[in-house]
Amino acid sequence: MEPKNILQKVINNSEKIFAGIAENYPVLLSEFETGIDSASRSIESFSIVEDVSGGGEIKLDNFLLSCRQESNKSLSMLDKFKEQNEIVLNRLSAAMKEYHHSQKYIEEIRDISESLQIVSLNALCNAVKAGRGGEGFSVITGNLKSVTEQTIEKTSVLENLGSTVNNSLDDFFVNERSTDEKGKALFSEFEQKIMSGITGFQAESETIEKLFRELSAETGGIRKSILRIMEELQQQDLIRQSLDQVILSIDELPDSCNSCGEDSEDPVIDEIVFYKRLLDLAVLIIGDVEEKVGITINVFADNFLTARKKLEFIEAEKERAINSFINNLESFSTLIENGNNFRSETGVLSTERSSLIDLIEAIIRRVGEIVEEFASFEKISGWLQNVSVLSRIELSRSKSLSGMKESVDDMSMLVERIQMQISAGEKELLQFIGNISEISGEYRTFVEKELNFLNGFTNQFLKNITTISCANNKISNVLSTFVFFSSEFRGLFDDSEKDLDQLKEISEDLKRVREDLQQKEAGISRQLSELLDGKPVSDWTIADENMNRIINKFTIFSHKRTAGEVTGLNVEGAALEEGEITLF
Amino acid sequence: MDQTIMIVDDSNAIRQSVSFILKENGYDTMEACDGQDGLNKLKDQKVDLIITDVNMPNKDGITMVKELRATDTHKFTPILVLTTESQASIMQEGKSAGATGWIVKPFSNDKLISTIKKVLG
């Protein structure tokens with residue numbers, strides 16, 4: 001193909017390439033921005049969750065923060081409950097001491113009754129020895145023996161009842177402590193597993209959101225590269241005009257030969273020198289265009305490479321973040337599982353607390369029975385009083401019983417003591433039953449409050465867990481469809497890379513033409529060397545008219561100057577720099 | 001309302017690329033493929049700024065500037081010449097014709113936009 005035709009093909013191709021870029025890149029950029037917008041919306045949606053408690057859409061970080069605040073508040077509330085429980089238990093413990101003290105009265109009553117039995121046996125022996133005079137006394141001491149036997153029997157009954165109450169109280173304390181320990185363990189587990197789960201979820205969701213925002217910001221680099229390539233489109237004007245000038249020069253060659261000056265000493269040499277200078281000029285201009293195309297190729301290649309590297313980096317980072325988040329999904333399902341376990345465990349705790357209330361009420365009933373039994377001592381106390389009075393009457397009536405005065409005094413003293421013990425014991429038991437009833441009431445109120453709180457807390461907590469689960473699912477769904485770059489963008493981006501190959505073809509064509517013209521110029525130079533017999537061509541002067549006509553058609557001033565240097569013609573005037581801006 | 005800028009250039013690629021940059025920066029654009037086409041489209045059309053090339057078929061940019069300055073509509077419309085012409089004497093021709101400024105290609109997008117902002121005040 002003729003150089004002129006190749007150059008025309010280069011002009012046409014470069015126009016086609018640059019026009020294609022001018023048309024496609026805005027679409028490419030628009031696709032790019034659509035993708036980034038959509039990605040930004042997806043990222044925004046990470047942070048919004050639907051509150052299943054009916055709070056509507058809320059920001060995830062605010063929600064998780066309020067979850068943690070709620071949980072912290074609840075945990076401190078539970079601590080307060082523990083303190084209240086401790087107070088109630090301390091009171092109960094103090095009441096138990098009172099109860100144990102009241103047990104001593106029973107022991108005392110039994111001991112005194114046993115002493116009375118001995119005293120009554122002695123008295124009976126003395127009464128028998130006194131004969132008829134002691135008959136009445138024998139009856140009285142016989143009765144005393146029978147009453148004391150009943151008293152001893154009753155104290156056994158009371159001791160049995162007492163030990164049942166003791167056992168029940170011990171059970172209560174043991175069960176209460178065990179329930180308390182269970183509660184403590186449960187809430188400690190709650191803090192460790194669930195709260196750390198929530199914190200972990202928050203950290204993960206924040207990390208992925210932050211990373212995606214950073215990646216989104218990174219896409220700015222791709223946009224910058226695309227805009228830089230578009231800036232390079234201006235080269236097309238320079239390439240076209242430069243090559244037009246080369247074609248103009250080549251076109252002029254045959255016609256110019258005939259118009260060489262008539263005054264020339266050698267028209268043939270003039271014509272050949274003219275050829276040579278035009279070829280020199282064409283080679284220099286093509287070289288300049290080659291350089292410009294080379295710069296454009298570099299700009300394309302650098303920016304494409306930058307954009308592609310960034311694109312691949314963003315995609316790889318995105319994949320890595322998604323995989324990391326998906327791997328953590330397992331720990332979030334454990335969080336939900338733990339949440340459900342927590343609900344059933346708090347249920348067990350509630351049942352245990354309720355059965356403790358039943359136990360304490362059973363204790364109160366049992367103590368009531370003790371008090372009733374104790375009340376029957378009053379009757380015995382009355383009989384003993386009677387026996388004591390009758391003994392003294394008998395003693396005063398029969399002189400034969402005068403030796404028994406000491407025994408009767410002992411009997412009276414023991415009766416008085418037993419009466420005191422009965423009275424004091426009853427008083428303490430009544431005091432105890434009053435106290436324990438009050439404590440039981442407080443315990444019941446406390447347990448009811450605690451159970452209500454636990455129910456409310458558990459329900460709210462489960463709702464929060466459900467919201468977190470929904471947020472988790474939502475983020476997973478968003479991530480599974482998340483793209484920074486649409487397939488349209490990728491397609492256009494890949495296609496655009498073909499422009500680079502076409503520019504390289506243009507560069508090759510220009511090189512071919514330049515080499516062809518250089519070859520021709522070398523041939524002419526050899527011919528001239530023979531014709532000029534060794535004289536330098538630069539010394540040869542030819543008519544300016546034709547060269548001037550050609551150069552004046554040049555539209556790029558730097559080429560005009562090059563032409564002036566090649567031909568020795570005077571090209572005057574100042575030149576502006578590329579990119580220079582002058583405002584008038 | 002966005003400002004409107006007319007781009008006159010025989011290169012489709014240049015027109016589209018300049019138009020894109022201007023739109024990116026919030027301007028509306030119109031396009032003409034040479035001086036004559038520019039004159040026809042600007043006959044009764046007011047615009048805020050005209051950007052023109054110099055070397056174009058049918059009618060060159062400097063002649064178009066001269067003719068536009070003769071019209072009432074474009075007597076004072078700012079006109080920036082965006083050209084490969086770097087010869088100071090040609091720039092003087094543009095100035096005499098009534099151009100507001102002269103920018104030698106290739107230029108950077110940022111510089112073009114800052115010049116336009118300066119010209120449009």
Side-chain angles (χ1 to χ4, degrees), chain A residues 11 14-30 33 223-224 226-242 244-245 292 295-296 299 499 551-561 571-584, chain B residues 7 9-25 29 31 53-57 60-61 65 78-119:
Chain A
I11 292 172
S14 70
E15 270 177 0
K16 208 169 132 191
I17 296 164
F18 285 105
I21 292 168
E23 198 176 324
N24 289 335
Y25 271 51
V27 181
L28 180 75
L29 213 53
S30 161
E33 274 157 7
R223 189 175 195 283
K224 202 174 157 193
I226 293 172
L227 287 174
R228 178 65 191 91
I229 291 173
M230 286 197 78
E231 217 171 55
E232 205 57 20
L233 293 183
Q234 296 167 64
Q235 294 296 349
Q236 193 260 325
D237 214 11
L238 291 163
I239 294 168
R240 188 194 57 187
Q241 289 189 46
S242 302
D244 275 347
Q245 286 164 192
K292 283 192 162 49
I295 291 168
T296 301
V299 169
D499 295 333
I551 294 171
N552 280 337
K553 286 184 185 172
F554 281 18
T555 54
I556 295 175
F557 189 55
S558 60
H559 292 166
K560 270 188 187 178
R561 283 196 153 169
V571 177
E572 286 184 341
L576 302 165
E577 294 291 323
E578 285 186 350
E580 190 174 331
I581 296 167
T582 311
L583 290 178
F584 306 130
Chain B
I7 305 153
D9 200 306
D10 58 330
S11 161
N12 181 29
I14 301 281
R15 280 200 312 275
Q16 286 206 38
S17 118
V18 173
S19 174
F20 172 78
I21 294 156
L22 297 181
K23 283 177 181 167
E24 278 274 295
N25 285 276
T29 60
E31 291 177 29
D53 190 10
V54 171
N55 299 304
M56 292 181 286
D60 67 87
V65 174
I79 304 174
L80 289 176
V81 179
L82 199 59
T83 178
T84 52
E85 275 294 357
S86 56
Q87 195 169 355
S89 59
I90 307 275
M91 182 179 78
Q92 282 305 318
E93 281 178 37
K95 185 183 175 184
S96 303
T100 313
W102 195 273
I103 303 172
V104 182
K105 289 176 188 171
F107 52 88
S108 82
N109 293 343
D110 292 345
K111 271 193 175 177
L112 175 66
I113 294 300
S114 66
T115 307
I116 289 172
K117 282 183 179 163
K118 201 171 174 183
V119 168

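As the structure is a prediction and not an experimental result, all values here were calculated from the model. Order of the sequence lines fixes the chain letters, A, B, ..., with proteins taken first and strands second; residue numbering starts at 1 for each chain.
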Next item on the list: Counting only heavy atoms closer than 4.5 Å, note whether Gln235(A) contacts chain B via side chain, backbone, both or neither.
Entry: side chain
Checklist line | Contact winner vs chain A - Ala99(B), Gly101(B), Pro106(B), heavy-atom pairs under 4.5 Å | finding: Pro106(B)
Margin query: When you measure from the side chain of Gln87(B) to the backbone of Phe557(A), do you find a donor-acceptor pair of N or O atoms at a distance under 3.5 Å?
Written below: no
Checklist line | Option in Ser89(B), Gly94(B), Ser19(B), Ser108(B) with maximal non-hydrogen atom pairs under 4.5 Å from chain A | finding: Ser108(B)
Margin query: So which residue, Leu227(A), Leu238(A), Ile17(A), Asp237(A), ends up with the most heavy-atom pairs under 4.5 Å with chain B?
Written below: Asp237(A)
Next item on the list: Check each atom of Ile21(A) against the heavy atoms of chain B and say whether the ones under 4.5 Å are side chain, backbone, both or neither.
Entry: neither
Item checked: Derivation of the side chain to side chain contact (heavy atoms under 4.5 Å, CB included) call for Glu85(B) and Leu576(A) -> CA-CA 8 Å; Glu85(B) 275 294 357; Leu576(A) 302 165; over 6 Å; no
Margin query: Need one label for Lys23(B): side chain, backbone, both or neither, based on atoms under 4.5 Å from any heavy atom in chain A.
Written below: neither
Next item on the list: Determine whether the side chains of Thr84(B) and Gln241(A) contain a donor N or O and an acceptor N or O closer than 3.5 Å.
Entry: yes
Notebook entry, point to check: Roughly how far, to the nearest 0.5 Å, is the CD1 atom of Ile113(B) from the CZ atom of Phe107(B)?
Noted result: 9.0 Å
Item checked: Which atom of Phe18(A) lies closest to which atom of Glu232(A), heavy atoms considered -> CE2-O, 3.9 Å
Check: Where is the tightest heavy-atom contact between Ile7(B) and Leu22(B), given as atom of each residue plus distance?
Finding: CD1-CD1, 3.9 Å
Margin query: A quick test of your reading: do over 12 heavy atoms of other residues, nucleotides or ligands sit less than 6.0 Å from NZ of Lys292(A)?
Written below: yes
Note to self: Can you tell me which portion of Val119(B) sits under 4.5 Å from chain A's heavy atoms? Options are side chain, backbone, both or neither.
What the structure shows: side chain
Checklist line | Winner by heavy-atom pair count (cut-off under 4.5 Å) against chain A, out of Ser11(B), Ala13(B), Ser17(B), Ser86(B) | finding: Ser86(B)
Next item on the list: Flag the one option from Arg240(A), Arg228(A), Glu15(A) with the top tally of heavy-atom pairs under 4.5 Å to chain B.
Entry: Arg240(A)
Notebook entry, point to check: Is it the backbone or the side chain of Ile90(B) that comes under 4.5 Å from a heavy atom of chain A, or both, or neither?
Noted result: neither
